[in-house]
Amino acid sequence: MICLDNVNKDYLTRVGPTRILRDVHLTVRPGERVGILGRNGAGKSTLIRLVSGAELPTSGVIERSMSVSWPLAFGGAFQGSLTGLDNLRVICRIYGVDATERIGFVEEFSELGIYLREEVKTYSSGMRARLAFAISMVIDFDCFLIDEIVAVGDARFHAKCNHELFVKRGDRAMIIVSHNAAYIREHCSRAAVLVDGQLHHAGSLDEAFAFYDRTTAIAA
Amino acid sequence: MPVSADGTANGSLAQSWRIQRRVIWALLLREILTRYGRHNIGFLWLFVEPMLFTVGVTALWSATKSVHGSNLPIVAFAVTGYSSVLLWRNMPTRCIMAMEPNMGLLYHRNVRPIDIYLSRLILEAAGAGISFVVLTLFFHFIGWLAFPEDVLEVIGSWLMLAWFGAGLALFIGALSESSEAVEKLWHPAQYLLFPLSGSGFLVDALPVQAQHYILLLPMVHGVEMLREGYFGSQMVAHYSFAYMAIWNAVLTLLGLSQVRNVSMTLELE
């Protein structure tokens with residue numbers, strides 16, 4: 001289970017601390033798929049980084065009693081001067097798993113061929129995204145955090161990612177943040193809406209979408 | 001409590017220690033790869049680079065017959081002096097602005113700023129240490145340098161200097177995350193501290209009044225101690241172990257609290 005209790009997050013700006021998230025409560029049980037809808041700048045990525053543990057809350061408590069992934073499909077987590085393979089090895093060492101038996105999977109899934117042994121800085125953005133997704137499937141987690149994953153590669157690769165994540169890992173918990181209501185509807189059983197740093201819980205998916213539509217309409 | 005491959009469910013101290021060791025090792029190997037690559041001599045640069053520095057300074061000082069206020073052999077003088085400079089100068093330099101190139105890795109929960117600092121410190125200490133040992137053995141082998149009189153004292157004072165370098169590096173490095181001025185100030189500061197650090201002179205050769213002031217600098221104590229271990233019977237060393245230890249401890253505490261601050265206020269992307 002993941003439990004956020006009264007979580008606040010400030011970022012320092014030139015005009016002093018600015019509250020990005022306020023009084024956030026969230027509980028995610030094993031196997032649950034929770035969508036978090038929000039417009040740009042609502043605090044979605046901040047929320048996912050707090051849940052992942054990469055950043056710490058200014059106040060409040062975050063408890064994790066299941067293993068939680070890093071924010072997935074994030075393409076920038078690579079050392080450009082290292083090869084794709086060396087980047088895989090670094091991640092495997094950090095998580096204490098053996099890299100050699102996973103090279104085959106990454107090779108096949110990322111479709112990078114000989115480029116897996118070239119420096120990542122020579123990759124196109126599509127190649128980076130493919131490598132990022134393949135590597136994030138290498139470590140096993142109870143809960144996956146997914147931050148706007150939609151933009152990975154072409155349609156065929158996209159379908160392959162969806163199969164790997166939502167079918168093969170269908171029994172895992174997931175938190176998906178997106179501004180795309182259709183994406184959330186397709187993959188989540190429950191949704192909440194983030195508006196100006198406050199997380200609004202809804203009784204059902206439809207209620208959440210209705211609420212999200214209202215908030216975007218007001219803004220427009 | 002389900003713990004999968006990444007073993008991150010909050011566990012015992014022993015488990016945290018195991019994770020930390022694993023992460024630091026991963027960062028260490030990655031740092032070696034990104035800094036030295038797989039080209040030419042690869043990771044050997046780790047200690048070849050500081051060795052070249054020390055050899056260069058030794059040659060320079062020998063050629064100019066540097067006045068260092070004693071009739072000690074210049075080689076012994078330069079090797080002990082420059083090896084200690086490498087510690088307190090390079091460690092902070094490597095820790096300044098260390099977060100930015102590692103942002104990507106900080107997305108992994110178990111990678112904390114302290115791990116990045118520690119891996120860099122271990123690497124610097126290893127480079128400076130290996131270069132020191134190799135040079136000592138090499139110069140000894142070709143007969144330019146007598147073996148240390150008190151090996152234990154040499155090791156002890158080297159560790160004190162390394163501790164000083166590490167404490168200073170944590171403090172300055174972490175501070176540089178909140179103010180860019182730190183980086184700008186460190187460059188002139190380390191340049192100006194070099195001639196004052198005791199690497200190029202013996203404290204005993206200074207006027208008594210100057211000794212008093214120069215001994216305010218903690219690294220001077222370390223170099224004096226190091227030299228006493230090397231050739232103590234040929235010189236009078238001036239140092240206070242306690243004074244340096246207090247400096248080291250205070251710097252370490254300030255450094256750790258500053259690193260904690262970096263952890264708390266870390267903003268990714």
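Nothing here was measured: the structure is a model prediction, and the numbers come from that model. A, B, ... follow the sequence lines: proteins, then strands. Residue 1 opens every chain.
- Only the side chain of B:Arg112 comes within less than 4.5 Å of a heavy atom in chain A; its backbone stays farther off.
- Other residues, nucleotides and ligands place no more than 12 heavy atoms under 6.0 Å from the OH atom of A:Tyr115.
- When side chains are defined from C-beta on, B:Tyr107 does not count as touching A:Ser52, because their heavy atoms never get closer than 4.5 Å.
- Neither the backbone nor the side chain of A:Pro30 comes within less than 4.5 Å of any heavy atom of chain B.
- For CZ of B:Arg260, the number of neighbouring non-hydrogen atoms (other residues, nucleotides, ligands) closer than 6.0 Å is 12 at most.
- Residues B:Val111 and A:Ile94 meet the side-chain proximity criterion, which asks for heavy atoms closer than 4.5 Å.
- Counting non-hydrogen atoms of neighbouring residues, nucleotides and ligands closer than 6.0 angstrom, the CZ atom of B:Phe43 reaches no more than 12 such neighbours.
- Within 6.0 Å of CG on A:Asp23 lie more than 12 heavy atoms contributed by other residues, nucleotides or ligands.
- A distance of 14.0 Å separates CG of B:Leu106 from CH2 of A:Trp70, quoted to the nearest 0.5 Å.
- Remark: side-chain polar atoms of B:Glu267 are not paired, donor with acceptor, to backbone N or O of A:Tyr11 under 3.5 angstrom.
- Counting heavy atoms from C-beta on, the side chains of A:Arg93 and B:Leu29 come closer than 4.5 Å.
- Counted within 6.0 Å of CD on A:Glu108, heavy atoms from surrounding residues, nucleotides or ligands total 12 or fewer; the atom is thus considered open.
- Residues of residues 82-91 of chain A lying within less than 4.5 angstrom of chain B, judged on heavy atoms, are A:Leu82, A:Asp86, A:Arg89, A:Val90, A:Ile91 in numerical order.
- Annotation: the span from B:His108 atom NE2 to A:Tyr95 atom OH amounts to 5.0 Å, rounded to 0.5 Å.
- Of all non-hydrogen atoms in B:Thr34 and A:Gln79, the two that sit nearest each other are CG2-CG, 3.2 Å.
- Side chain of B:Arg109 to main chain of A:Ala54: no donor-acceptor pair is present (N/O by atom type, distance under 3.5 Å, no hydrogens or angles).
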